[in-house]
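Here the structure comes first, spelled out in structure tokens, and everything after it is commentary.
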Amino acid sequence: MNTGLKITAFAAAVAATFGTAYGVGQGVDPVTAEKEKKPASEHGGHTDPGGEKKPGGGEEAGGGHADTVPGGLQISERGYSLDLKTSRIAAEKREELRFTVVEEGAGKDGAGRNVTAYEKEHDKELHLIVASHDLRTYRHLHPTRAADGTWSTPVELPEAGGYRVFADFKPEGEKEGLTLGADLAVAGRYAPGALPASGPTAEVDGYEVSLKGGLKPGKSSDVTLNVEKNGRPVTDLQPYLGAYGHLVALRSGDLAYLHVHPTGEPGDGKTEPGPAVSFKATAPSTGSYRLFLDFKHEGKVRTAAFTVNAGAVPPGSGSNETPDQAPDAHDH
């Protein structure tokens with residue numbers, strides 16, 4: 001066999017191997033060059049529920065692209081780094097996920113120091129999101145923090161493949177929070193799935209959630225989700241994380257993270273406990289996004305997922321599929 005044929009055969013063998021298994025010899029998270037701390041106004045991972053905010057706080061660019069990197073794409077930002085101690089786990093096995101948030105240069109001799117003081121946002125010091133790269137599996141977790149700043153939480157993921165871990169938090173003394181992301185490899189047999197089709201409704205545990213509105217590249221838009229059960233409007237949603245709904249949007253392809261919250265909150269004298277939960281959201285660019293709505297009713301938190309298109313993306317058809325959820329996918 002000549003050299004060219006040997007190379008071709010080797011490449012085919014590698015492709016076949018990785019088409020059936022994942023996690024063996026998985027590489028580490030991509031390295032991001034250290035950046036200077038940016039003013040809090042430049043953080044692009046959150047949308048102010050009180051009004052419009054351009055992604056990244058800068059001017060809109062052509063085609064709806066922001067001038068700063070969306071949340072969750074970097075492992076380090078504004079002098080903080082996400083140190084994922086658990087870089088790989090096995091599929092269908094309950095394991096502990098451990099990580100720290102490190103403030104660069106804050107320790108002795110210029111070394112980094114674990115962050116141990118946070119400001120609570122929506123009842124928690126830190127929100128942890130784990131999502132598969134194909135956006136079919138989603139977990140919203142609230143880990144516990146040890147005195148030394150190490151966070152931990154049990155997690156069980158059903159499918160092998162690549163996942164992204166997002167830490168959403170606000171260190172004490174910072175004017176605004178930030179979202180850092182790191183890759184997690186889940187070992188086992190791997191078969192990637194297609195992005196679920198877009199559609200106006202999602203069903204989960206006997207509930208039907210309908211979506212009104214959509215995402216606009218570089219512009220704030222209204223997104224309203226209406227919750228029904230057995231054909232009747234749900235008018236007694238329970239507060240969850242200080243609101244009647246919690247929404248996370250992830251961009252298909254790179255999993256850019258957009259964390260938004262309702263325009264009102266329980267006890268403000270004007271926000272009803274359902275059936276509608278309204279948000280303001282800004283898509284950082286054109287593309288397809290996966291929306292995950294967490295809502296609490298009758299003592300249990302459920303997640304409804306939607307695929308939406310922002311800008312000139314050919315729309316799909318059909319209903320949205322319920323994301324894979326474990327019984328412990330939420331903390332109550």
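Here the structure is a predicted model, which means the values were calculated and not measured. Both backbone and side-chain heavy atoms feed into the values below; hydrogens, waters and symmetry mates do not.
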Exercise for review: Indicate whether any N or O donor in one side chain lies under 3.5 Å from an N or O acceptor in the other, for Thr263 and Ser278.
Suggested key: no
**Study point:** Asp222 and Lys280 ion-paired at < 4.0 Å
**Key:** yes
Point to revise | Carboxylate-amine/guanidinium proximity below 4.0 Å for Arg78 and Glu174 | key: yes
Got [X] and [Y] here, is their nearest side-chain heavy-atom distance under 4.5 Å?
X      : Y      : answer
Leu82  : Val102 : no
Ser81  : Val101 : no
His140 : His142 : yes
Thr179 : Phe169 : no
Lys93  : Val186 : no
Tyr240 : Asp294 : yes
Leu211 : Asn226 : no
Val277 : Leu237 : yes

Give a yes or no answer on whether the side chain of [X] reaches the backbone of [Y] with a donor-acceptor pair at less than 3.5 Å.
X      : Y      : value
His127 : Glu121 : yes
Glu92  : Leu157 : no
Thr303 : Phe292 : no
Arg139 : Glu156 : yes
Glu208 : Asn230 : no
Thr307 : Pro196 : yes
Arg164 : Gly72  : yes

For [X] and [Y], work out which heavy atoms get closest and say how close.
X      : Y      : result
Ala310 : Ala283 : CB-CB, 4.0 Å
Pro275 : Thr235 : CD-CG2, 4.0 Å
Ala202 : Ala304 : CB-CB, 4.2 Å
Leu291 : Ala249 : CD2-CB, 3.4 Å
Ser288 : Asn309 : OG-OD1, 2.8 Å
Val223 : Gly214 : CG2-O, 3.7 Å

How long is the span from the [atom1] atom in [X] to the [atom2] atom in [Y], to the nearest 0.5 Å?
X      : Y      : atom1 : atom2 : value
Leu180 : Leu84  : CG    : CG    : 11.5 Å
Ser152 : Arg98  : OG    : CZ    : 7.0 Å
Leu293 : Arg302 : CG    : CZ    : 12.5 Å
Leu141 : Thr153 : CG    : OG1   : 4.5 Å
Thr116 : Glu172 : OG1   : CD    : 8.5 Å
Leu258 : Leu215 : CG    : CG    : 7.5 Å

Non-neighbouring partners of [X] that pass side-chain hydrogen bond (donor to acceptor under 3.5 Å, both in side chains), sequence neighbours left out:
X      : result
Thr86  : none
Thr100 : none
Asn114 : none

Check your understanding: Which pairs with one or both residues in residues 200-229 pass ring pair (Phe, Tyr, Trp, His ring centres under 6.0 Å), sequence neighbours excluded?
Key -> Tyr207-Phe295, Tyr207-His297
Exercise for review: Output, in order, the C-alpha distance, side-chain angles, deciding distance and verdict of side-chain contact (heavy atoms from CB on, under 4.5 Å) for Arg94 and Val155.
Suggested key: CA-CA 6 Å; Arg94 188 178 178 88; Val155 64; over 6 Å; no
Quick one: side-chain contact (heavy atoms from CB on, under 4.5 Å) partners of [X], sequence neighbours excluded?
X      : answer
Pro273 : Tyr244
Asp134 : Ser132, Arg136
Asp268 : Glu265, Lys270, Thr271
Glu125 : Tyr118, Lys120, Arg145, Trp151

Review point. What do the steps show when you test Val248 against Phe166 for side-chain contact (heavy atoms from CB on, under 4.5 Å), and what is the final call?
Key: CA-CA 11 Å; Val248 168; Phe166 302 92; over 6 Å; no
Exercise for review: Might you work through the side-chain contact (heavy atoms from CB on, under 4.5 Å) test for Val115 and Tyr80, ending with a clear yes or no?
Suggested key: CA-CA 9 Å; Val115 177; Tyr80 295 94; 3.9 Å; yes
Practice item. Go through Asp83 and Lys85 one step at a time and tell me if the side-chain contact (heavy atoms from CB on, under 4.5 Å) criterion holds. Key: CA-CA 6 Å; Asp83 185 2; Lys85 305 295 185 181; 2.8 Å; yes
Exercise for review: Name all residues meeting the salt bridge (Lys or Arg N to Asp or Glu O under 4.0 Å) criterion together with Lys216; count only those two or more places apart in sequence or in a different chain, and write none if there are none.
Suggested key: none
Practice item. List for me each residue that meets salt bridge (Lys or Arg N to Asp or Glu O under 4.0 Å) alongside Asp123, sequence neighbours excluded, and say none if there are none. Key: none
Practice item. If a pair satisfies salt bridge (Lys or Arg N to Asp or Glu O under 4.0 Å) and one of its residues is in residues 225-249, list it, with sequence neighbours excluded. Key: Lys229-Glu298
